[in-house]
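Ligands are counted one by one from 1 in listed order, and the atoms in each one are counted from 1 as well. Side chains are part of it too, since the values below use all heavy atoms of this structure and drop only hydrogens, waters and symmetry mates.
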Amino acid sequence: MGIVLGGTILLSTVLTIQVHYSLTRVLEEEQGAQGASIGRDLAARATDLILVNDLYALRQLLLETQANNRNVRYAFILDTQGQVLAHTFGQGFPVDLISMNRATPEEYQHTVSLDTPEGLVWDIAVPIFGGKAGTARVGISNEGVRRVLLDLTSQVALTTAIVLVMSLLAATFLTFVLTRPILELVDATRAIGRGDFSRRVRRWANDEIGELADAFNQMAVELERADELRRERELLRRQLLERVIAAQEEERRRISRELHDSTSQNLTSLMVGLRTLENACDTPQVHDHTQELRQVVGRVLDDVHTLAVQLRPSVLDDLGLPAALNRLVHDWSKRHCIRVDLVVHLGNERLPEAIETALYRILQEALTNITRHAHAKSVSILVERRHYDVVAVIEDDGVGFDVNQNHGEGHLGLAGMRERAELLGGSLTIESTPGSGASLYIQLPLNQPAEIDPLIGWKP
Ligand SMILES: Nc1ncnc2c1ncn2[C@@H]1O[C@H](COP(=O)(O)OP(=O)(O)OP(=O)(O)O)[C@@H](O)[C@H]1O
Ligand SMILES: [Mg+2]
């Protein structure tokens with residue numbers, strides 16, 4: 001558009017200046033020739049009238065000459081002494097005018113240009129009868145030339161304006177036609193960038209842009225296919241993970257129950273047997289040995305109990321998350337001598353089993369991480385229901401770590417926590433910098449998104 005506008009304006013300006021100058025030259029030459037011819041004609045026709053001294057006819061001739069030529073501003077006849085014989089000025093004849101132009105008898109004519117208040121005037125002096133009868137003077141006004149030039153310039157300006165408007169319209173239309181497919185492509189590319197792979201573009205013409213549109217559509221088809229494949233795989237992965245977690249929980253629960261119901265019972269029987277043996281035995285040596293064995297069995301019983309609780313605390317199934325968390329935190333705090341401030345606001349209603357298990361395991365892993373890495377003095381844990389979510393915040397005052405650092409393979413704790421949260425449609429956010437402790441924010445929605453719903457229907 002800029003090129004069209006600039007080009008048209010430049011062309012019309014250059015053309016106008018060129019035409020103005022050439023036309024001025026041509027018109028002025030023509031006007032000079034016309035003035036000379038009028039002057040000569042006047043001189044020829046005035047000769048006889050001067051000779052017979054018919055001043056009345058002479059004045060009539062001058063008036064007639066002026067009337068017949070629009071450009072003639074004035075005309076007058078001078079005698080050989082330079083006295084005015086007749087003129088067209090009406091009352092006051094400008095005496096200065098006489099001396100402004102003079103033609104010698106040898107000259108055919110003599111022209112000077114006079115700058116008058118009414119504009120430029122070409123004053124032409126023609127000797128009459130070789131100068132022996134006087135001089136005829138004619139003033140030709142430049143007004144005609146000026147008017148023609150003004151007309152021409154305004155016409156060129158008008159034509160330029162019309163051409164400009166038409167060029168602008170044409171350029172706008174062309175720009176629209178040319179850029180429409182490109183804009184459509186840009187729009188579709190943005191949509192694909194946002195993940196809308198169903199977008200296609202029209203093939204507007206059989207040109208390079210048409211080819212580009214075809215290639216784009218082909219790319220969109222491939223991307224859509226790849227995206228579908230990715231979604232299917234993601235769904236499969238989730239389902240698999242879900243089953244693995246479910247199987248793991250089930251296995252933990254089974255082993256825990258086995259340890260509690262069978263192993264612990266047998267160890268207790270062993271303990272009772274050893275006590276009976278201890279009481280029945282009189283030999284001090286055997287008595288001491290039996291007592292030692294009973295202490296060992298007691299420690300094994302404690303270990304089995306701790307193991308059973310860690311594997312799957314029955315209190316989680318029987319009394320719910322708050323009680324299980326209280327037990328977990330209490331035991332952990334006692335074992336590691338770290339102060340824990342636990343606040344649980346979950347109301348009276350129990351949470352869905354999947355959420356309770358996930359939260360328990362996430363907090364368990366968080367506490368394990370604090371034991372292993374944080375060197376913390378105190379920990380605070382908040383678990384509460386917020387509208388349609390359950391939120392857990394675990395903060396420690398330990399050494400902290402760089403969240404953006406890739407810990408590499410073999411570090412599965414944080415990734416597992418995130419997986420568990422995301423499987424339930426929730427999220428895990430970690431905030432920590434080296435030297436300033438760590439905070440974990442876990443958010444789990446109570447109403448599962450529709451696509452995850454079938455996946456979490458497992459029963460541990
Ligand atoms: N509370 C914390 N304070 C300080 N550093 C932590 C904390 N939690 C995690 N980290 C850092 O993050 C790293 C990754 O933790 P993650 O639980 O994923 O793996 P891990 O504990 O090293 O191994 P595992 O797979 O057995 O859990 C840890 O190695 C540790 O450097
Ligand atoms: Mg860990």
N or O pair under 3.5 Å between G413 and ligand 1: yes
Backbone or side-chain N or O of V399 under 3.5 Å from ligand 1 N or O: no
What is the nearest protein non-hydrogen atom to [atom], stated with its residue, atom name and distance?
atom: atom 5 (N) of ligand 1; value: F401 CD2, 3.2 Å
atom: atom 21 (O) of ligand 1; value: H373 NE2, 2.7 Å
atom: atom 24 (P) of ligand 1; value: R372 NH1, 3.7 Å
atom: atom 27 (O) of ligand 1; value: E365 OE2, 3.1 Å
atom: atom 25 (O) of ligand 1; value: L412 N, 2.7 Å
atom: atom 18 (O) of ligand 1; value: L414 N, 2.9 Å
atom: atom 31 (O) of ligand 1; value: H407 CE1, 4.0 Å

Backbone of H110 reached by a side-chain donor or acceptor of N101 within 3.5 Å: yes
G398 touching ligand 1 at heavy-atom level, < 4.0 angstrom: no
Heavy atom of M417, distance to ligand 1 below 4.0 Å: no
CG-CG distance between L319 and N326, expressed to the nearest 0.5 angstrom: 10.5 Å
Approximate separation, where rounding is to 0.5 Å, of E224 CD and N217 CG: 11.0 Å
The Mg ion (ligand 2) neighbourhood, protein N/O/S only, threshold under 2.8 Å: E365 OE2, N369 OD1
Of the listed options E395, Q405, R418, H411, closest to atom 19 (O) of ligand 1 (non-hydrogen atoms): H411
Nearest option to atom 1 (N) of ligand 1, as decided by whichever heavy atom of V403, N369, D396 sits closest: D396
Qualifying residues under ring-ring contact (aromatic ring centres under 6.0 Å, His included), relative to F401, sequence neighbours excluded: H407
Subset of ligand 1 atoms that lie under 4.0 Å from at least one heavy atom of G400: 4 (C)
In plain terms, say whether [X] and [Y] are close enough for a salt bridge, that is, a side-chain N and a carboxylate O under 4.0 Å apart.
X: R361; Y: E249; value: yes
X: E251; Y: R254; value: yes
X: D151; Y: R147; value: no
X: E234; Y: R238; value: yes
X: D227; Y: R230; value: yes
X: E228; Y: R225; value: no

Q31 side chain near L27 side chain, heavy-atom distance below 4.5 Å: no
Beyond-backbone contact of L152 with V19, side-chain heavy atoms, under 4.5 angstrom: yes
Taking every non-hydrogen atom, the tightest pair across G32 and I124: O-CD1, 4.3 Å
